[in-house]
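Here the structure comes first, spelled out in structure tokens, and everything after it is commentary.
Nothing fancy with the numbering, it's 1 onward along the sequence. Heavy atoms only: backbone and side chains are in, while hydrogens, waters and symmetry mates are out.
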Amino acid sequence: MSGTSTPTSGVTAAPSVRKEGAPPRRAGGGGRRREFTARRGLVVAAFMAPAAVFVAVFTYYPMIAGSQMAFRNWNLTDLTDTSWVGIKNFREVFTDPAWGTVLSNTALWVVGSIVPQLVIGFALALWLRRRFRLRGLYQALIFFPWAISGFLIGILFRWMFNSEFGVVNDLLQRAGLIDEPVAWLADPDTAMIAVLVANVWYGVTFFAIMILAALQSIPDELYEAAALDGAGKARTLFRITIPYIRVTLVLTVLLRVIWIFNFPDLIFGMTGGGPNDETHIVTTWMIKITQQGDYGKASALGLLVVAVLLVFATFFLTATRERGGGRRGAGKTGKRGVRA
């Protein structure tokens, strides 16, 4: 009917009133954004100042002071002469008779630790991804070593590899693999093997944790599609699992390279760099030079370590930025690769 109107037909919306001088509202209806004034800037600076002073005093100042020592004649046996010597300390590092052994030990320490840790950690992660009874207990037992200090691990393994009453010799003799106890840590040919075994046992946990977390992010639909297409375990592993977690594997390896390269704790706990400096790596050798009082040479070696670590850190940060794109690409590769 023409005379009938809807309940809201006569309602007129009240115009919004804005006070004079007030900032205009945003179109989205959001809250008003506060302006950054000089007073707010001073408040922010006041809150940041204690942390900035702490970092400057305990991080940057020692780093700068230690760096300049590398170019001075800084030795505790004679502090009356700390003159500028340029690259003399670097030349002494490179011409030291122990430099070749230390360099080869460092390469063996990194590569000989990373490869077994990756392989064993990957296998453990694949096993722990399956559902079985007491899986949580097994995870706790496998992850437990990572909570122990590296130096303490070195002491434990020093007792285990003891030539007189070590459990390693006892087990090998019971198994008939050796006829008499082996002086693992006193023999230059076996001491490096012993510290590598200890480091592999210690680092497998980290790889297992990281890879297991990555495996749990893989959608089950990919494995179901692979099973329907008749893909075997090997094809599923190399066409779905590894491509999907490829970026995580790269990041984990780079991170472990940085840590192992700069990890003297375990070696100091087991051998202290002996016998006859045969198990020294760059960082343990640097500590030994520092204990001898030659701070200039030790600082020069420290700068070389920092340079190497910066290279690996650059690779790590680059891989981190590409992580998002790598994961998306891995998912597409996994779906296409099952039928390949």
Review point. Are any of the side-chain heavy atoms of Thr82 and Tyr295 separated by less than 4.5 Å?
Key: no
Review point. Do Phe157 and Tyr202 pass the ring pair (Phe, Tyr, Trp, His ring centres under 6.0 Å) test, and can you show the C-alpha distance, the side-chain angles, and the key distance before you say yes or no?
Key: CA-CA 11 Å; Phe157 272 88; Tyr202 181 58; 9.3 Å; no
**Study point:** Stepwise side chain to side chain donor-acceptor pair (under 3.5 Å) check, Ser217 with Tyr244
**Key:** CA-CA 9 Å; Ser217 68; Tyr244 201 92; 5.2 Å; no
Check your understanding: How far apart are the closest heavy atoms of Asn89 and Met69, and which atoms are they?
Key -> ND2-O, 3.7 Å
Review point. In terms of hydrophobic clusters joined by side-chain contacts under 4.5 Å, are Ile211 and Trp201 together?
Key: yes
**Study point:** Residue pair Asn199 / Ser113, side-chain donor-acceptor N/O under 3.5 Å
**Key:** yes
Distance-only criterion, 3.5 Å: show the donor-acceptor pairs between side-chain atoms of residues 95-103 and protein atoms not counting sequence neighbours.
from	atom 1	to	atom 2	distance (Å)
Thr95	OG1	Arg91	O	2.7
Asp96	OD1	Ala98	N	2.9
Asp96	OD2	Lys297	NZ	2.6

Exercise for review: Determine the minimum heavy-atom distance between Leu196 and Gly112, stating which atoms define it.
Suggested key: CD2-C, 4.0 Å
**Study point:** Spacing of Asn262 atom CG and Leu309 atom CG [to the nearest 0.5 Å]
**Key:** 5.5 Å
Study note, to complete from the structure: Distance col, row Leu251:CG vs Phe316:CZ, nearest 0.5 angstrom, shows 5.5 Å
Practice item. Using a 4.5 Å cut-off on heavy atoms from C-beta on, say whether the side chain of Val182 contacts that of Asp187. Key: no
Point to revise | Side-chain heavy atoms of Leu222 within contact of Pro219, under 4.5 Å | key: yes
Point to revise | Shortest non-hydrogen separation from Gln173 to Pro181 and the atoms involved | key: NE2-CD, 3.5 Å
Revision key, fill the gap. Contacts satisfying side chain to side chain donor-acceptor pair (under 3.5 Å) that involve residues 156-169 (not counting sequence neighbours) are Asn169-Trp184
Review point. Do Leu126 and Leu249 share a hydrophobic cluster (ILVMFWY, side-chain heavy atoms under 4.5 Å, transitive)?
Key: yes
Study note, to complete from the structure: Rounding to 0.5 Å, atoms CE (Met210) and OG1 (Thr248) come to a distance of 7.0 Å
Review point. Does a side-chain heavy-atom distance below 4.5 Å link Phe261 with Val305?
Key: yes
Exercise for review: Verify the ring-centre separation between Trp259 and Phe206: is it less than 6.0 angstrom?
Suggested key: yes
**Study point:** same_hphob_cluster(Val167, Ile148) at 4.5 Å side-chain heavy-atom cutoff
**Key:** yes
Practice item. Find the distance between NE2 (His280) and CD1 (Ile287) and round it off to the nearest 0.5 Å. Key: 9.5 Å
Review point. Around Phe94, counting heavy atoms of other residues, nucleotides and ligands shown, do more than 12 lie under 6.0 Å from its CZ?
Key: yes
Exercise for review: For side-chain contact (heavy atoms from CB on, under 4.5 Å), just list the numbers for Val282 and Leu304, CA-CA rounded to whole Å, side-chain angles, deciding distance to a tenth of an Å, and then say yes or no.
Suggested key: CA-CA 9 Å; Val282 172; Leu304 295 176; over 6 Å; no
Study note, to complete from the structure: To the nearest 0.5 Å, atom CD1 of Ile289 lies from atom OG1 of Thr284 at 9.5 Å
Exercise for review: Can you see which heavy atom on Ile260 is nearest to which on Gln117, and at what distance?
Suggested key: CD1-OE1, 3.8 Å
Check your understanding: Between Phe122 and Val204, is a side-chain contact (heavy atoms from CB on, under 4.5 Å) present by the stated rule, with each step listed?
Key -> CA-CA 9 Å; Phe122 200 164; Val204 160; over 6 Å; no
Check your understanding: Between Phe58 and Phe54, how do the two ring planes meet: parallel, tilted or perpendicular, split at 30° and 60°?
Key -> tilted
Exercise for review: Using a 4.5 Å cut-off on heavy atoms from C-beta on, say whether the side chain of Trp285 contacts that of Ile281.
Suggested key: no
Check your understanding: Where is the tightest heavy-atom contact between Trp109 and Met192, given as atom of each residue plus distance?
Key -> CB-CE, 4.0 Å
Check your understanding: For atom CZ of Phe315, is the number of surrounding heavy atoms from other residues, nucleotides or ligands below 6.0 Å larger than 12?
Key -> no
Exercise for review: Consider only side-chain heavy atoms of I, L, V, M, F, W and Y, link residues closer than 4.5 Å, and tell whether Phe90 and Val85 are in one cluster.
Suggested key: no
Would you list the atom pairs, donor with acceptor, under 3.5 Å between side chains in residues 263-274 and any protein atom, with sequence neighbours excluded?
from	atom 1	to	atom 2	distance (Å)
Thr271	OG1	Ile267	O	3.3
Thr271	OG1	Gly273	N	3.2
Thr271	OG1	Thr279	OG1	2.7

Exercise for review: Any chance you could measure Ser299, atom OG, to Gln68, atom CD, to the nearest 0.5 Å?
Suggested key: 8.0 Å
Check your understanding: Transitively linked via ILVMFWY side-chain contacts under 4.5 Å: Phe165 with Val168?
Key -> no
Practice item. Over all heavy atoms of both residues, which pair between Ala56 and Pro62 is shortest? Give the atoms and the distance, please. Key: O-CD, 4.5 Å
Review point. Any ion pair linking Asp294 and Lys88 (charged N to carboxylate O, less than 4.0 Å)?
Key: no
Practice item. Check whether more than 12 heavy atoms from other residues, nucleotides or ligands sit under 6.0 Å from atom CZ of Phe312, and answer yes or no. Key: no
